[in-house]
Asker: 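Structure in structure tokens, see below.
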Amino acid sequence: MIRNRLLHLAQLSAIGLTGYYFGQNKDKLCDVLSGDSVVVDGKRIKSMPGLPVFGTVSAATPYMEMGGKDRVSQIMKYGFPSLDNVRSYDDFVLSYDRRNKVPNWVFEHITKDHIAKNDQVDRSKCDFKPDESIHPFFRSQNTDYKGSGFDRGHMAAAGNHRLTQKHVEQTFFLTNMAPQVGEGFNRHAWNTLEKHVRKLTKVYNNVYCCTGPLYLPRREADGKSYVRYQVIGANTVAVPTHFYKVVVGEAPDGTLDMEAYVMPNQKIPDETPVSSFMVPPETVERAAGLLFFDKVHRSKLNRINGKKV
DNA sequence: TTTAATGT
């Protein structure tokens, strides 16, 4: 009985990566749930128990038809910050916050190839579009942002996904957006931070970037602390007080460097250097309720915010 | 250059 319920749960939650396997070899369920790798058609694949909802891959999609490579486990190599409402797109993965109608986190794996100039890819052809895979109660619409005074700010930056037109188009789903101050923030300081992250691919073979919103408490006139943020549109999309980026660069020798940033969602003077927004990664983890890169082995971690650890 | 909204 319990075994049957487990099986049902696993089939629902492991769509895409392991669903095909379950359909063929139900007796090996325990092996899969234990997190071991499993063998399908003579090939060893890594099982990922408990991974919910892969929106772009149907349960019936055989594992080996996923472009020959498992892009999700490439992107998420160093761990998931959380597991609620996870959605994977062709070149990034996010966790969606249904209450606030913005992501909790967005994860990207960036290399030189992903950001190279590509005449086949045209950002100006892209449209911001609601993500139909989200229940209507929790879905943001373009009308929520219209006239709000806020930009639809990408969490996974469009400029990080230039391999194909489809990749850049998927970054325009509103699931990947949060309301950002345009002038002086999204179009300036935040954009500068995004460009800084892209430049890291000159030094590191692989760059892993986690981006998301924060809602930070503020001391008010009565001396007490409150979390206070605006909501916009009929769907009450939350306007985050701050945004974070936690980035890991993987050097050619396999060592890892980490950087963490928090920026307030407000107009920031042009001359402000990105380094002035560096914070200890732990500060972001505590504020966001997430653990970043928890599969990184301490012995591989070389620097945090430029300092030897 | 990349980031977007707004006005025609």
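Lettering follows sequence order; numbering is per chain, from 1.
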Asker: Heavy atoms only, 4.0 Å cut-off, all strands: where does A/F172 land among base, sugar-phosphate and nothing?
Answerer: nothing

Asker: Where along residues 192-206 of chain A does a heavy atom come under 4.0 Å from DNA chain B, residue by residue in number order?
Answerer: A/E194, A/K195, A/R198

Asker: Measure the distance from CZ on A/F150 to C1' on B/dA5 and round it to the nearest whole Å.
Answerer: 14 Å

Asker: Send over the distance from A/D122 CG to B/dT3 C1', rounded to a whole Å.
Answerer: 15 Å

Asker: Quick one: which protein N/O atoms are closer than 3.5 Å to N/O atoms of nucleotides 6-8 of chain B? Pair and distance per line, please.
Answerer:
none

Asker: Does some side-chain heavy atom of A/V102 sit less than 4.5 Å from a side-chain heavy atom of A/V237?
Answerer: yes

Asker: Going through the checks in order, is the side-chain contact (heavy atoms from CB on, under 4.5 Å) test met by A/R303 and A/V309?
Answerer: CA-CA 5 Å; A/R303 286 168 192 279; A/V309 291; over 6 Å; no

Asker: Do the ring planes of A/H161 and A/F92 sit parallel (below 30°), tilted (30 to 60°) or perpendicular (above 60°)?
Answerer: tilted

Asker: Let me know, please, whether A/I115 or A/R187 comes out on the 5' side of the other along DNA chain B by nearest nucleotide.
Answerer: A/I115

Asker: Passes side-chain hydrogen bond (donor to acceptor under 3.5 Å, both in side chains), A/T171 versus A/Y89? Steps please.
Answerer: CA-CA 9 Å; A/T171 71; A/Y89 301 84; over 6 Å; no

Asker: Let's go through A/H242 and A/N265 carefully: what are the C-alpha distance in whole Å and the side-chain angles of both, what is the deciding distance for side-chain contact (heavy atoms from CB on, under 4.5 Å) to 0.1 Å, and is it a yes or a no?
Answerer: CA-CA 5 Å; A/H242 295 70; A/N265 188 14; 6.0 Å; no

Asker: Which residues in residues 260-279 of chain A have a heavy atom closer than 4.0 Å to any atom of DNA chain B?
Answerer: none

Asker: Heavy atoms under 4.0 Å, any strand shown: does A/D151 hit a base, just sugar-phosphate, or nothing?
Answerer: sugar-phosphate

Asker: Should the pair A/K129 and A/F173 be classed as cation-pi, given the thresholds of under 6.0 Å to the six-membered ring centre and 45° from the axis?
Answerer: yes

Asker: Separation of A/N118 atom CG from B/dT2 atom P, in whole Å?
Answerer: 12 Å

Asker: If the condition is side-chain contact (heavy atoms from CB on, under 4.5 Å), which residues does A/T164 pass it with, not counting sequence neighbours?
Answerer: A/K166, A/H167

Asker: Let me see the working for A/E250 and A/K300 under salt bridge (Lys or Arg N to Asp or Glu O under 4.0 Å), right down to the final yes or no.
Answerer: CA-CA 9 Å; A/E250 195 174 54; A/K300 295 266 187 181; over 6 Å; no

Asker: Scan for salt bridge (charged side-chain N to carboxylate O under 4.0 Å, His left out) pairs involving residues 97-109 of chain A, sequence neighbours excluded, and state none if there are none.
Answerer: none

Asker: Under 4.0 Å between any heavy atoms, over every strand shown, what does A/G159 touch: base, sugar-phosphate, or nothing? Just pick one.
Answerer: sugar-phosphate

Asker: Taking the six-membered ring for Trp, is the centroid-to-centroid distance between A/Y208 and A/F107 below 6.0 Å?
Answerer: no

Asker: Can you tell me the distance, in whole Å, between the CG atom of A/D144 and the C1' atom of B/dA5?
Answerer: 16 Å

Asker: How many Å lie between CG on A/N191 and P on B/dA5, as a whole number?
Answerer: 14 Å

Asker: Quick one: label A/H188 by what it contacts on the DNA or RNA (base, sugar-phosphate, nothing), any heavy atom closer than 4.0 Å.
Answerer: nothing

Asker: What residues form a side-chain contact (heavy atoms from CB on, under 4.5 Å) with A/P136, not counting sequence neighbours?
Answerer: A/R139

